[in-house]
Amino acid sequence: MSYIDKDELGMYKNTNSDGPGPQLMGANTLLGNDVYNLQDEDLGDIKEIMLDMNTGEVSYAVLSFGGFLGMGDKLFAVPWSALKLDTANKRFTLDANKEKLESAPGFDKDHWPNMADSSWQQTVNSYYGADKRY
């Protein structure tokens, strides 16, 4: 799914207009967007976007990977800065192969980590090579 498919308000229907995208986009339109790696392999989709309420910045995208028909999916907090918007294909890219993602620090939907913990943040940011200020 892409942000075009979820554009209920018509923000992106004409990219040559005065609309907001793709420099400024509605968070809801990004949920469910596909994430691919640089080898054009499907890594999953964005389930949630996590905001840092102290800074107002987007910290992480929660990526769902693996499983079958939504069952057994593993969730990953991917630093927002590690994702790149691919406007040509209307999806995100992440510079990680499937093996790297399979061994990434992840969690399941019933056991979310404390994403506000600075040591957890450093571990995740370091894993993806994302530079984040804390």
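Between K47 and D45, at least one side-chain N (NZ, or NE/NH1/NH2) sits under 4.0 Å from a carboxylate O, which counts as a salt bridge.
Note that CG of L85 is 8.5 Å distant from OG1 of T93, once rounded to the nearest 0.5 Å. A distance of 10.0 Å separates CG in L43 from CD in E102, rounded to the nearest 0.5 Å. Distance CD/Q121 to CE/M115: 10.0 Å, rounded to 0.5 Å. Expressed to the nearest 0.5 Å, how far OG of S64 lies from CG of D108 amounts to 11.5 Å. In this structure, CG in L101 is found 8.0 Å from NZ in K74, a value given to the nearest 0.5 Å.
Across all their heavy atoms, A77 and V124 have their closest contact at O-CG1, 3.1 Å. Among all heavy-atom pairs drawn from E48 and L31, the shortest one is CA-CD2, 3.5 Å. The two residues S103 and Y127 have their closest heavy-atom pair at OG-OH, 3.0 Å. Taking both residues in full, the closest heavy atoms of D42 and F65 are given as O-CE1, 4.5 Å, listed atom of the first, atom of the second, then distance. Across A82 and Y128, no two heavy atoms sit closer than the pair CB-CB, 4.2 Å. The shortest non-hydrogen separation linking F76 to G106 is CD2-CA, 3.8 Å.
Side-chain N or O atoms of Y60 include none that pairs as donor or acceptor with a backbone N or O of L51 at under 3.5 Å. In this structure, N89 contributes its side chain and D86 its backbone to no donor-acceptor pair below 3.5 Å.
Between F107 and W112, the ring planes are tilted. Angles from 30° to 60° get that label.
The residue from V78, I46, L63 that alone fulfils the side chain to side chain contact (heavy atoms under 4.5 Å, CB included) condition with F92 is I46.
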* List the steps and the verdict of salt bridge (charged side-chain N to carboxylate O under 4.0 Å, His left out) for R91 and D40. => CA-CA 11 Å; R91 62 186 184 195; D40 206 34; 2.5 Å; yes

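N37 and E41 share a side-chain donor-acceptor pair at under 3.5 Å.
Heavy atoms from other residues, nucleotides or ligands lying under 6.0 Å from NZ of K100 number more than 12. Atom CG of N97 has more than 12 neighbouring heavy atoms from other residues, nucleotides or ligands inside a 6.0 Å radius.
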